[in-house]
Amino acid sequence: MSHSHKPSTGLKQQNKKFKTRHASKGDTKKQAKGRTSRVTPKGAAKAAMKASQTRQDRQNKAKQLQLKKRNDLLIATRAFCGTEGVPRIVAVIPLCSDVSAAAAAKALATSVGAGDDTCPSLGTWKLPVERFKTSLQFVLLPYRQLYMALDACKAADYVVFVLSPTTEVDSWGELLMRSLQAQGLPEVVSVMHTRVHDLSATSGALNAARAVCEGRPDPVRWREGRAHVLAENVEWEAEGNDEICQLGSLRVTGFIRGAPLSANRLVHIPNHGDFQIEKIISAPQARTSKFTGLSAMDVEPTILSEATPDDAESLTSKLDPDTMANEQTWPTEDEMATGSMSNSRSMLPDAAKGTTPKRVIKRVPRGTSAYQAAWIVDEDDGEDEDEESDEDGDGDEKMDEGSVEGSEKTERVVEEVEEEEDLVDLDVTNEDMESSNGRMASKSTTFEDLDMADEKEQHDAWLASRGKKDIEREREEADEADFPDEVDTPHDTPARERFARYRGLRSFRTSPWDPFENLPLDYARIYRFEDYERTKRNVRRRAGEEGVQAGTRVTIYLKNVPKACAKAYSPETPFVIFGLWQYEHKSTVLHFAVQRNTEYHGSVRSKDPLVLCVGPRRFTVNPVYSQHSRGGSKGTNNVHKFERYLKHGQTMVATVYGPVAFGKVPCVLMRENEMDGEGVPPFKISFPRFNPMLQATIIARGLTPGYACFHNPAPDLVASGTFLNPDTKRIIAKRIILTGHPYKVHRKTATVRFMFFNPADVMYFKPIELRTKYGMTGHISESLGTHGYFKAHFDQQIGQQDTVCMNLYKRVYARWSAPHVAMQGGGEDDEVMKA
């Protein structure tokens, strides 16, 4: 009988069973093997109760959402209820040359049974609509006025685009649509005389009016929490009785919209800047009685908010740097003694003979300026120095002749006494007015016009030179795409001097770089936030708690406003003021995430002048572009690569100096055009709006008397994006690549040439790591010869077709921005000079 070993049950391996909650339905059925769980009556009751409770919860939640939406709709439209309430701002923009905003507004007014007798051709027009129990405030805009349309849409609740049934929308209309889309567009209503909303038919116009009067305006994201006022009336009063005073108080009347407005915060006026609020006074409307037809005020104006000295925000935007705060060494006694001797007047040598300008004294009528006296020619100005020496030699002979004619001279002196009483001595010495031989030029250069053919030839040559510059820039951009960041080492200048400000980095993302190292003086003028996100939350919360509530008709008193701001106001153009949040006047480093417009094909280089439109502001900037890391990652050292060009299809960061903004404010980058496009219709501007001295010049050019007709070139949309952050520690590193050719190769060792041209440069850059275009890394072993050759060792075998590179980095900084004054058609003298 054979023996068999029976294994023990205690030694059998027991594996942990898988949890069934992660199993599929098929696995659960296999494990059940057809068995079904028995449901007890008590468990069935609990399940039914749970199902009914879940159904009731869903119904309650849906009802709560419905009530919330209804309350939000009532709150959003409550301010617009009644003809005496807050009017809805409707910006009417014609997109074609053969339509007008006034005609569209009159058609809408006629459809609701209101009169259109008071409708202007341009400007603002308030229309009470009794049929829909509301009121509209039309902003009628001219054709081909980009900046005016952008400013009006920033404050509008609705935008009405007027199309033509016969004329296609041109490039300017497409530019406006793209710019408004990037800026933030409110509710849009498109009208046309045949389709969309047909204004020629009463039903179509009525449908358009119903969409404007009864709809809820879509909120613009960047305007949430920000107050703005569309002016109904603007008045300016000088601070003193002196007529020369150019500063005064500006009174702006209108409805506060969007958010509360506090007198302790600043306001921004496009094209003019930021100003302080003195006080805010209520301005109730005069209500018309239905029985008597007379208008009367219900309440008297009262002060709603007044600025306090402790809480009012100042107009200081930049810090005053303390240049004496740096480390200094106290001078020694020898240095102080040397300095005192050098500063003494006895140590200064006398001026060389002939280098000091001759002092000229002239007898001129009283009240004559030095500039006018320079054009007065004396009798002895044309005499030479030789003649003066002859006069000295023949002095005795002339004196004898003078004694004979003494009686005649005495009579002439008596006759000229009265004329000399009004003459004074004036020093007209000016080095710029003197000629090379020390005499004043007595003849002026007359300007002669060129022949029309010659002038046209020179103009064509100038345009050709501009075209050559554009071609050169396109070629440079193509070279940058083929050989990014590669530069040639100069032969005449040592590389250690030419690239002295550059450094090497072992790792671009992890190598340490102190953000406060060797900062320029501009960094001492800007503000820095310790925690930007926390400050943003506090500022947003504070803006919603203080100030006069939205929907109130007020009169805002602004102080220290220049007279030019009041002169710029015209009933034909919208005048809007925007409320600023706290700290939004302080200057800092601004970073914008931008993406280039696909329809713009010009070359956009770093530090090229552009126009930046961000929120209610507009600046002339020279942005510096850098890479935008995916997901907002900034690495361990916060170093980002500088980009020489703004490229298509990539999101980049544009950096400038400017006033801070809070939130995701949209931005638009534009480039001004020097030349007008083809087929741009001219527009007219009346002469009384201009400087009277320009009237004769415009008439001399052959234009129609009484009007100036010229083209207003529209800018190009370059890029659009949003505000990123005001990070002052962000390091923008400009990279250059020095390249060399492997002259001789032996496995991992190579002799490299053409990277440097003297052995001193090789020893200076020896600690920096080398890399090749095929991915090998290495370092410089030793210098060879006197022509800059060196031996390098790499981690892998290198081939002669490879290229040896050395990366060097230098930090670049942003540039200051300046306020941009948009030249609107309708009253700017600069526009006429540009024409």
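Only heavy atoms go into these numbers, but all of them, side chains included; no hydrogens, no water, no symmetry mates.
- You'll find the side chain of Lys641 reaches within 4.5 Å of the side chain of Glu643, heavy atoms only.
- If you take CZ on Phe723 and CG on Leu590, they are separated by 5.0 Å, rounding to the nearest 0.5 Å.
- A salt bridge links Arg644 to Asp485: one of the charged nitrogens lies within less than 4.0 Å of a carboxylate oxygen.
- Judged purely by atom type and a 3.5 angstrom limit, Lys766 uses its side chain to pair as donor or acceptor with the backbone of Ser781.
- Checked by atom type, the side-chain pair Arg525/Tyr657 shows no donor-acceptor distance below 3.5 Å.
- Distance CZ/Arg528 to CG/Leu319: 11.5 Å, rounded to 0.5 Å.
- Within 6.0 Å of OH on Tyr813 lie more than 12 heavy atoms contributed by other residues, nucleotides or ligands.
- In this structure, the ring of Phe516 has its center no less than 6.0 angstrom from the ring center of Tyr523.
- Shown here for Ile798 and Val745, the closest heavy-atom pair between the two residues is O-CG1, 3.0 Å.
- In this structure, Asn597 contributes its side chain and Leu717 its backbone to a donor-acceptor pair below 3.5 Å.
- Between Ala814 and Val624 the shortest heavy-atom distance is CA-CG2, 4.2 Å.
- Scanning both residues, Lys318 and Ser587, for their nearest heavy atoms gives CG-OG, 4.0 Å.
- A heavy-atom distance below 4.5 Å is not found between the side chains of Pro515 and Asn638.
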Problem - Evaluation steps, side-chain contact (heavy atoms from CB on, under 4.5 Å), between Val653 and His640 - result: CA-CA 10 Å; Val653 177; His640 303 266; over 6 Å; no

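- In this structure, Lys536 places its NZ atom where more than 12 heavy-atom neighbours from other residues, nucleotides or ligands lie under 6.0 Å away.
- Side-chain N or O atoms of Asp795 include none that pairs as donor or acceptor with a backbone N or O of Met776 at under 3.5 Å.
- Contact check for Val656 versus Phe592: side-chain heavy atoms found under the 4.5 Å cut-off.
- Panel note: side chain Asn637, backbone Phe508; a donor-acceptor pair is recorded below 3.5 Å.
- With hydrogens and angles ignored, the 3.5 Å screen pairs no side-chain donor or acceptor of His491 with any backbone N or O of Phe757.
- Shown here is Asp531, whose CG atom has more than 12 heavy atoms of other residues, nucleotides or ligands within 6.0 Å.
- Of all heavy-atom pairs spanning Glu584 and Ala661, the tightest one is OE2-CA, 4.0 Å.
- Judged by distance alone, with hydrogens and angles left aside, the side-chain atoms of Thr489 form no donor-acceptor pair with the main-chain N or O of Phe756 at under 3.5 Å.
- Ring centroid separation for the pair Phe662 and Tyr532 comes in under the 6.0 Å cut-off.
- Arg509 places a side-chain N or O within donor-acceptor distance of the main-chain N or O of Val639, the cut-off being under 3.5 Å.
- Crowding of His787 atom NE2: a count of heavy atoms from other residues, nucleotides or ligands under 6.0 Å not exceeding 12.
- Looking at every heavy atom in both residues, Ala792 comes nearest to Leu770 through CB-CD1, 3.8 Å.
- Summarising the local packing, CD of Gln650 is surrounded by more than 12 heavy atoms from other residues, nucleotides or ligands at distances under 6.0 Å.
- Within the 4.5 Å cutoff, no side-chain heavy atoms of Lys810 are placed close to those of Phe499.
- Remark: Lys773 engages Glu486 in a salt bridge, criterion side-chain N to carboxylate O under 4.0 Å.
- A perpendicular orientation is assigned to the rings of Phe754 and Tyr789, their planes being inclined by more than 60° (bins at 30° and 60°).
- Between Leu646 and Val594, the closest side-chain pair of non-hydrogen atoms falls below 4.5 Å.
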Problem - Phe790 and Met755: CA distance, side-chain angles, deciding distance, side-chain contact (heavy atoms from CB on, under 4.5 Å) verdict - result: CA-CA 9 Å; Phe790 61 87; Met755 183 177 290; 4.0 Å; yes

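- We find the CD-CG distance between Glu769 and Leu505 to be 10.5 Å, quoted to the nearest 0.5 Å.
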Handout entry: Verdict with supporting geometry, Leu266 and His268, side-chain contact (heavy atoms from CB on, under 4.5 Å)
Key = CA-CA 7 Å; Leu266 303 179; His268 176 77; over 6 Å; no

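- Residue Met652 forms a side-chain contact (heavy atoms from CB on, under 4.5 Å) with just one option from Lys647, Gln627, His628, and that option is Lys647.
- Here the CG-CD1 distance, from Asp488 to Ile737, works out to 12.0 Å after rounding to the nearest 0.5 Å.
- Side-chain contact of Arg730 with Thr655: a donor-acceptor pair under 3.5 Å is absent, judged by distance alone.
- Taking the centre and axis of the six-membered ring of Trp513, the NZ or CZ atom of Arg503 falls inside the cone set by 45° and 6.0 Å.
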Problem - Working for side-chain contact (heavy atoms from CB on, under 4.5 Å), residues Phe794 and Val804 - result: CA-CA 10 Å; Phe794 296 90; Val804 181; 4.0 Å; yes

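- By the 4.5 Å heavy-atom criterion applied to side chains, Phe483 and Thr739 are not counted as neighbours.
- Side-chain N or O atoms of Asp727 include one that pairs as donor or acceptor with a backbone N or O of Lys729 at under 3.5 Å.
- Ion pairing of Glu517 with Arg811 is absent here, as no side-chain N (NZ or NE/NH1/NH2) approaches a carboxylate O to less than 4.0 Å.
- For the pair Ala593 and Leu724, the tightest heavy-atom approach, listed with the atom from each and the gap, is N-CB, 4.2 Å.
- Atom CG of residue Asp608 and atom OH of residue Tyr645 lie 8.5 Å apart, to the nearest 0.5 angstrom.
- Residues Pro715 and Tyr147 meet the side-chain proximity criterion, which asks for heavy atoms closer than 4.5 Å.
- In this structure, Leu580 CG and His585 NE2 are separated by 9.0 Å, a value rounded to the nearest 0.5 Å.
- Not a single donor-acceptor pair under 3.5 Å links the side chain of His591 to the backbone N or O of Asn725.
- In this structure a side-chain-to-backbone donor-acceptor pair under 3.5 Å is missing from Asp761 to Asn758.
- The shortest side-chain heavy-atom distance between Val539 and Thr535 falls under the 4.5 Å cut-off.
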